[in-house]
Amino acid sequence: MSRITINDIQVEVFKDATILDAAKEVGIYIPTLCHLDLEQFNIENKAGSCRICMVDVDTNGRKKMMPACCTPVEEGMVVKTNTPEVVEVRRTVLQLLLSDHPFECLTCPKSLDCELQALAKKFGIYEVTCTGKMSTYEIDHSSKSIKRDLSKCIMCRRCETVCTTMQTVGVLSGFGRGFKAVVAPPEMEPLTESVCVFCGQCVNACPTAALTEINYISDVWKAINNPNKKVIVQTAPAVRVGIGEEFGLPAGTEATGMLTAGLRRLGFDAVFDTNFSADLTIMEEAHELIERVKKNENLPILTSCCPGWINFLEFQFPELLNIPSTCKSPQQMFGAIAKSYYAEKIGVKPEDMVVVSIMPCLAKKYEASREEFIKDGITDVDYVLTTRELAQMLKEAGINLDKLKDEEYDNPLGESSGAAVIFGASGGVLEAALRTAYEWITKKTLGNVNFKDVRGMEGVKEATVDIDGLKVNVAVTSGLGNARKILTKIKKGEANYHAIEIMACPGGCLNGGGQPYIHGDTSILDKRLKAIYSIDESKVIRKSHENPYIKKLYDEFLIEPGSHKSHDLLHTQYFKKNK
Amino acid sequence: MAQQIRIALRNCGKLDPEKIEQYIAQSGYLALEKALFDNKPEDILKLIIDSGLRGRGGGGFPTGIKWQAAAKQKSDEKFVICNADEGDPGAFMDRAVLEGDPHSVLEAMTIAGYCIGANKGIIYIRAEYPLAIERLNVAIDQAYKMGFLGKNIMGTAFSFDISIKLGAGAFVCGEETALIKSIEGKRGEPIVKPPFPAEKGLWMKPTIVNNVETYASVCPIIVNGLEWFRGVGTEKSPGTKVFALAGKINNVGLVEVPMGSTLREVVYEIGGGIKDGKEFKAVQTGGPSGGCITKESLDTPITYENLIQIGSMMGSGGMIVLDEDDCMVNIAKFYLEFTLDESCGKCTPCRVGNTRMFELLEDITEGRGTQLTITKLETLANTIKKASLCGLGQTAPNPVLSTMKYFKHEYEEHINNKKCRAKVCRELLTFEIVADKCVGCSLCARNCPVFCIHGEPKTPFVIDQKACIKCGSCVEKCNFDAITVS
């Protein structure tokens with residue numbers, strides 16, 4: 001422990017603590033910008049580059065201004081966080097940042113969510129006194145998912161830390177020097193020329209609008225307003241535990257009913273649930289798991305719901321392309337069933353149907369555009385909006401989500417089990433698969449459906465499940481850095497797993513690249529997580545194969561899991577992508 | 001030349017740098033032998049601390065203290081790095097040492113390794129020094145063959161290896177943490193200290209980084225002893241310093257003088273005074289991180305502390321002499337532009353702040369300056385000094401601050417009178433044709449790139465001041481000295 005004095009207050013902190021940690025301990029606020037602490041995932045951006053958190057430090061008589069976010073405390077240190085000198089330096093630094101930042105706040109997608117804007121407000125900057133040349137760059141909208149506007153990059157390096165250290169994708173890093181320094185893919189190439197997997201964690205980390213999603217709101221409005229189109233919508237599990245935050249509801253508010261009501265108000269012809277197709281995914285995936293375990297071949301089976309992780313596999317581990325489940329993701333399964341089974345049922349031609357997804361994810365935008373999911377010119381899913389974009393649409397339409405009365409999903413694609421909603425959290429897909437696989441293998445009823453070992457925010461979770469004497473080794477990993485470790489083990493033949501769930505985003509979809517911004521407050525994620533499992537608890541049906549509408553779908557249309565029709569509509573394959 | 005004492009440059013020019021035998025004949029590797037056979041590491045460490053040797057690369061941090069900090073650390077691996085990424089404009093003393101006496105550096109690094117408990121040395125040298133690299137490679141080969149490097153040096157239990165790492169010419173890689181990042185194969189960018197390299201350096205292991213000239217000064221201390229070294233220089237700055245004399249001075253080149261010599265001795269006695277009998281204006285020391293020293297300080301003894309006190313710094317030893325034809329605002333702009341080009345862009349004050357300062361200086365030299373420009377410059381300089389991440393940024397405003405301090409009148413002339421007394425800032429100049437001298441040959445008009453000189457042949461021509469771009473080509477072409485510049 002070290003004792004230091006901050007603004008005349010004595011504080012005792014752990015030896016490795018920073019001045020910022022110590023200040024927090026005694027409730028002293030020090031402004032930060034480049035600093036990002038994703039405590040849950042053990043990831044911290046401590047570049048010390050923005051210089052907003054400068055404080056006066058006196059160490060045994062040596063006086064110097066130091067950045068609070070990355071200066072470790074030393075016994076006897078005397079820190080002043082608010083001297084006129086310190087304030088002057090911070091203001092000048094902020095003026096400098098603003099002097100090379102476009103003044104587009106009114107039209108900027110990050111307006112009111114921008115940390116630079118918030119600081120300017122906090123500091124009471126009403127005029128930029130420092131002016132000069134500005135950085136201008138061509139905007140990169142090469143991809144379907146992520147827009148890069150480097151004129152708004154402030155070199156905080158947060159995106160670099162999440163892309164390189166946390167996800168080990170390594171696309172974003174410092175490029176160029178001096179005034180022209182930015183964080184960009186190698187040689188400033190567009191994202192589509194890089195090994196970017198579109199997980200969108202960089203977008204979540206970016207304090208400004210240098211990285212945002214590619215926005216499809218106007219396309220969706222057009223579709224809704226087209227009288228010749230039947231426009232239906234699906235909502236991913238994690239959306240319902242995030243969207244409330246955009247409307248001032250406390251984090252962790254379960255907003256399923258309000259969400260359904262809001263979507264109906266927007267004018268969608270039918271409001272369905274991706275949870276329905278999550279149950280469907282379990283039918284196919286559990287079937288595949290059992291087949292593979294029985295034959296003891298091609299193991300472990302890896303989940304394939306997450307398009308970010310599938311991209312990662314296709315770029316980084318092409319030698320393992322044969323082991324993921326061949327199941328399409330729930331999003332794509334939904335589209336495929338909607339445009340066949342449901343279209344037929346209501347007598348609409350597939351080409352006249354538009355499927356919109358509300359996803360917590362940016363990779364889903366890319367996924368919807370994959371060639372494998374376009375058949376005879378018909379795409380499974382037409383437009384993908386993030387949770388944030390949906391909130392934007394609702395606000396635009398004057399719909400206060402928080403004021404709406406709960407409504408139910410439409411049928412037949414709206415009913416789901418508790419096993420489906422937990423797809424939104426890391427471990428959920430595997431738990432859902434185990435609930436069904438257990439009963440199918442043992443032909444017995446599973447008493448306790450909770451597999452708690454695979455739940456939670458931890459990066460790698462392992463468990464051995466006893467299915468009537470059959471020991472099934474499972475692992476759950478989230479965050480691509482953790483996935484890399486597991487995949488490397490598999491490649492070397494050191495892994496002894498039967499099934500592994502992998503999600504690109506740490507913590508799973510509830511922390512997806514399309515969710516409301518958390519600005520480094522990972523406690524919000526815990527609340528979303530709790531909300532997901534409480535929805536599961538509250539469901540009467542908690543196993544996918546017990547969903548009556550799923551049973552009906554097989555009876556009327558698909559026949560049985562793994563059938564020819566299932567393969568045609570619900571399964572896919574993977575391709576090597578060149579680095 | 002008078003006044004010079006050669007310690008770091010003791011062998012340069014005296015021996016064939018590719019022949020180790022000649023180095024040995026000049027007491028070469030005697031210091032290493034003394035260290036290994038007659039002393040414990042802590043004895044050598046104490047000697048270096050007591051000698052008062054300070055880093056010759058710029059900061060002047062006590063070398064022994066740095067070594068001691070690394071020696072104290074417990075680690076399975078430690079590193080000794082030689083910083084040969086010399087990059088100050090006009091400075092070439094490290095190159096001279098490496099080309100002329102490479103063994104003196106190898107020997108000192110080996111001794112440093114022995115002191116701190118390291119077995120690996122790395123010389124980080126810029127790729128633009130091919131001859132130095134070649135000489136180093138030859139020297140390393142020879143040292144291995146003779147058993148001065150490698151396993152069980154001179155038959156003792158101590159082993160030490162040295163390898164070379166080429167830098168790509170980024171000035172900021174002379175900053176020790178950026179240099180370490182560069183060796184690790186990462187972007188050459190400084191990181192926040194603490195932790196200092198002596199605790200967590202290369203590959204997070206204890207590391208010392210010293211400059212070439214510092215290493216070159218180590219062996220003579222061990223061979224000749226403490227008293228001898230402390231007998232040269234001053235109490236707080238013992239020994240000598242090599243300077244690269246350049247600019248408007250008669251004798252340019254490297255000089256090595258005892259610390260505490262005065263600038264007058266260096267400029268007038270060794271440097272032979274100002275070129276063409278012009279008037280001395282100032283000396284810029286410390287390169288882009290330093291400042292200018294005026295004639296009022298010509299008799300100040302050159303020590304680390306004195307130079308900082310008068311607003312400059314020792315730096316790596318660049319010494320550029322300026323005369324009446326140099327515009328001090330322009331000099332400040334020149335150095336700032338160098339820093340701009342070399343900033344890594346990591347921290348805000350250096351990346352954006354220096355750009356803004358440069359733009360303000362441009363305003364002044366191009367006639368747009370006001371009193372507010374000066375105020376803004378001062379505010380920015382203050383923030384950049386205090387808030388920048390590394391030494392490059394923290395010292396970048398020095399040339400501006402020091403010229404503003406000593407040559408404020410020149411700044412004010414540029415701002416208030418739109419006048420550059422040294423006639424350097426073109427935008428502030430007026431080109432006029434003296435009617436009495438003009439013969440009306442039209443040569444100037446025909447060479448004017450913007451056709452702003454008009455007149456009838458054989459009558460005096462006139463320059464249209466509004467259109468003139470002040471390129472000066474008329475002055476160059478006129479055969480009759482008929483065009484004045486004011």
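Small disclaimer: the values here were computed from a predicted structure and weren't measured. Convention: sequence-line order gives letters A, B, ...; per-chain numbering from 1.
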Is there side-chain contact between B/K386 and A/M54, with at least one heavy-atom pair below 4.5 Å?
-> no
Below 4.5 Å, heavy atoms only, C-beta onward: do A/E75 and A/M1 meet side chain to side chain?
-> no
Checking heavy-atom separations under 4.5 Å from chain B, one finds in residues 166-180 of chain A A/G174, A/F175, A/G176, A/R177, A/G178, A/F179
For B/T339, is it the side chain, the backbone, both or neither that has a heavy atom under 4.5 Å from a heavy atom of chain A?
-> neither
Please look at B/R351 and chain A and tell me whether the side chain, the backbone, both or neither of the residue comes under 4.5 angstrom of a heavy atom of that chain.
-> both
Region of B/E362 in contact with chain A, defined by heavy-atom distances below 4.5 Å | neither
Less than 4.5 Å apart, any side-chain heavy atom of A/M188 and any of A/V182?
-> yes
What part of A/S135 lies closer than 4.5 angstrom to a heavy atom of chain B: side chain, backbone, both or neither?
-> neither
Any side-chain heavy-atom pair from A/V86 and A/T81 closer than 4.5 angstrom?
-> no
B/D341, part contacting chain A, at a heavy-atom distance under 4.5 Å = backbone
Got a sec, which pairs hit ring-ring contact (aromatic ring centres under 6.0 Å, His included) with one end in residues 337-381 of chain B, sequence neighbours left out?
-> B/F171-B/F338
Where on B/K376 is there a heavy atom nearer than 4.5 Å to chain A: the side chain, the backbone, both, or neither?
-> side chain
Does a side-chain heavy-atom distance below 4.5 Å link A/V162 with A/F41?
-> no
